[in-house]
Number of protein chains: 2
Amino acid sequence: MSESTAVARGRRTSRPRGDERERAILDTAERLLGERSYADVSVDDLARGAGLSRPTFYFYFPSKEAVLLALLDRVVAEARARRDEAVTAPAPGVEDRWRHVIGAIAQPFRSHLAVTLAAAEARATSAAVREVWNGVMERFVAETAAEIEAERARGHAPDGPPARDLAVALNWMNERVLHSAFAGERPGLAADDAVEVLLTVWLRTIYGARTP
Amino acid sequence: MSESTAVARGRRTSRPRGDERERAILDTAERLLGERSYADVSVDDLARGAGLSRPTFYFYFPSKEAVLLALLDRVVAEARARRDEAVTAPAPGVEDRWRHVIGAIAQPFRSHLAVTLAAAEARATSAAVREVWNGVMERFVAETAAEIEAERARGHAPDGPPARDLAVALNWMNERVLHSAFAGERPGLAADDAVEVLLTVWLRTIYGARTP
DNA sequence: CGAGTCTGTCAACAGGGTGTCGACGCAGCG
DNA sequence: CGCTGCGTCGACACCCTGTTGACAGACTCG
């Protein structure tokens with residue numbers, strides 16, 4: 001897991017060639033995934049798109065899945081970074097804080113729509129993708145749970161089910177609702193409205209009422 | 001869409017044979033899907049499991065997908081029926097009513113776990129499965145929205161975002177959380193706790209507080 | 001400066017899946 | 001009794017994946 005960053009191919013005295021082609025594959029993948037589904041993009045498409053033969057593709061990546069994982073890693077890392085930013089940034093109030101956290105996570109997935117949708121599709125069959133994805137969710141859940149507990153400790157949020165259980169429900173909700181909004185699924189929310197609706201559910205669930 | 005029921009194969013003077021084999025394929029599918037993933041079950045497995053050759057399988061079903069749709073139709077129909085029951089059944093209070101509705105929908109999907117997980121997997125690639133699934137969700141959402149509006153009209157539920165938007169978020173949440181609970185994904189809730197946690201989110205979201 | 005080694009490349013193959021075609025047997029029916 | 005059509009399957013065409021083995025060019029080190 002977390003291939004891409006781990007693939008620090010050793011000494012590269014004067015061989016920019018390899019990196020270029022790896023890049024070309026990655027770029028081709030993101031482009032093609034914008035046009036058709038993950039299942040409909042073959043290794044051959046990726047190779048040809050990057051100007052090489054299929055066997056040569058396998059020199060750079062062990063599979064189509066690995067390409068997606070590399071792409072996904074970048075998006076996931078960005079989402080994590082944005083969330084951290086939003087959490088530490090000063091906010092005028094509790095409501096705005098949560099709004100920014102939810103929006104910060106959503107933003108990278110929205111702007112890399114092709115990768116997001118491909119990952120959601122591949123997750124159904126690829127254990128590796130599922131692992132990365134659930135790892136991200138796990139972290140969001142743990143952080144959310146801690147934040148809810150802090151609010152309860154401060155006396156701002158009422159008691160109720162275990163904070164972690166609520167965090168699980170809320171984070172999975174966000175994942176599913178944002179996915180359906182981004183993919184234009186029906187039933188679904190408009191992508192621009194989604195964060196505000198989700199925020200309402202979060203606030204009411206955590207604080208027992210919209211205005212804590 | 002909705003193949004199975006529509007496949008009322010015409011006059012069958014004395015040919016119970018065909019129905020038996022169709023049944024055998026369906027049974028084999030549900031059994032095999034309990035053992036491995038949808039992707040790992042081939043048409044050949046289905047055919048052999050039902051005691052026929054691959055080409056003969058195609059006499060009964062146009063594809064593996066069609067078999068899953070037939071299986072899914074039954075589960076979906078049951079979920080719809082259970083929900084209708086729960087809605088009309090007398091309930092001691094508002095909270096119990098919602099609890100029974102959520103639980104009623106969850107139950108058939110839980111007891112036909114293999115089909116549920118296979119459908120979730122296939123939805124990623126099959127437009128037909130997605131259509132059936134989203135059709136079910138659409139109906140649940142519409143009904144939920146109407147129920148929320150009724151509660152608002154009665155003065156029991158506070159105003160807020162459009163009822164339909166909340167209904168979309170809540171129903172997708174249930175779908176995703178129940179799926180992860182049933183599949184044993186992490187992060188996830190214990191299958192037995194899930195309904196109660198979801199109920200809390202529903203009540204707080206709809207009524208603004210746990211106890212309306 | 002030439003032998004060795006490493007990166008990069010691809011034609012050809014093996015294997016497994018899907019869906020189709022054409023032949024064939026075996027009912028019931030006129 | 002011979003026709004019609006359901007049910008059946010062997011064999012085929014096709015597409016996709018991942019591997020093998022041979023080979024070219026460049027750097028590198030004695």
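Proteins get letters first, then strands, A, B, ... in listed order; numbering begins at 1 in each. Heavy-atom basis, side chains included; hydrogens, waters and symmetry copies ignored. Note that the coordinates shown come from a computational prediction; the quantities given were computed from them, not determined experimentally.
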Take atom [atom1] of [X] and atom [atom2] of [N], then tell me their distance rounded to the nearest Å.
| X | N | atom1 | atom2 | answer |
| --- | --- | --- | --- | --- |
| Glu22(A) | dT7(C) | CD | C1' | 14 Å |
| Leu52(B) | dG10(D) | CG | P | 12 Å |
| Glu20(A) | dG8(C) | CD | P | 11 Å |
| Asp19(B) | dC6(D) | CG | C1' | 13 Å |
| Tyr60(B) | dG19(C) | OH | C1' | 18 Å |
| Phe61(A) | dG18(D) | CZ | C1' | 16 Å |
| Phe57(B) | dG19(C) | CZ | P | 8 Å |

**Report entry** Pairs satisfying ring-ring contact (aromatic ring centres under 6.0 Å, His included), at least one member in residues 112-142 of chain B, at least two apart
**Finding:** Phe109(B)-Trp133(B)
Query - Partner set under side-chain hydrogen bond (donor to acceptor under 3.5 Å, both in side chains) for Arg186(B), not counting sequence neighbours - result: Glu138(A)
Heavy-atom side-chain contact between [X] and [Y] under 4.5 Å:
| X | Y | answer |
| --- | --- | --- |
| Ile206(A) | Leu170(A) | yes |
| Leu117(B) | Leu113(B) | yes |
| Val67(A) | Phe57(A) | yes |

For residues 119-129 of chain B, run the donor-acceptor check on the side chains, cut-off 3.5 Å, and write out each pair with its distance to 0.1 Å, sequence neighbours left out.
residue   : atom : partner   : partner atom : Å
Glu121(B) : OE1  : Tyr38(B)  : N            : 3.1
Glu121(B) : OE2  : Ala39(B)  : N            : 3.0
Arg123(B) : NH1  : Glu175(B) : OE2          : 2.8
Thr125(B) : OG1  : Ala122(B) : O            : 3.4
Ser126(B) : OG   : Glu65(B)  : OE2          : 2.4
Ser126(B) : OG   : Ala128(B) : N            : 3.4
Ser126(B) : OG   : Val129(B) : N            : 3.0

Query raised in the report: Is it the case that more than 12 heavy atoms not belonging to Arg48(A) sit under 6.0 Å from its CZ atom?
Result: no
**Report entry** Stretch residues 37-48 of chain B: residues that reach within less than 4.0 Å of DNA chain C through a heavy atom
**Finding:** Ser42(B), Val43(B)
Requested in this report: List for me each residue that meets ring-ring contact (aromatic ring centres under 6.0 Å, His included) alongside Trp172(B), sequence neighbours excluded, and say none if there are none.
Outcome: none
Report task. Classify the angle between the aromatic ring planes of Trp98(B) and Trp202(B) as parallel (below 30°), tilted (30 to 60°) or perpendicular (above 60°). Result -> tilted
Output a table of nitrogen or oxygen pairs between the protein and nucleotides 20-23 of chain C separated by less than 3.5 Å.
none

Query raised in the report: Any side-chain N or O of Thr56(A) under 4.0 Å from OP1/OP2 of dC10(C)?
Result: yes
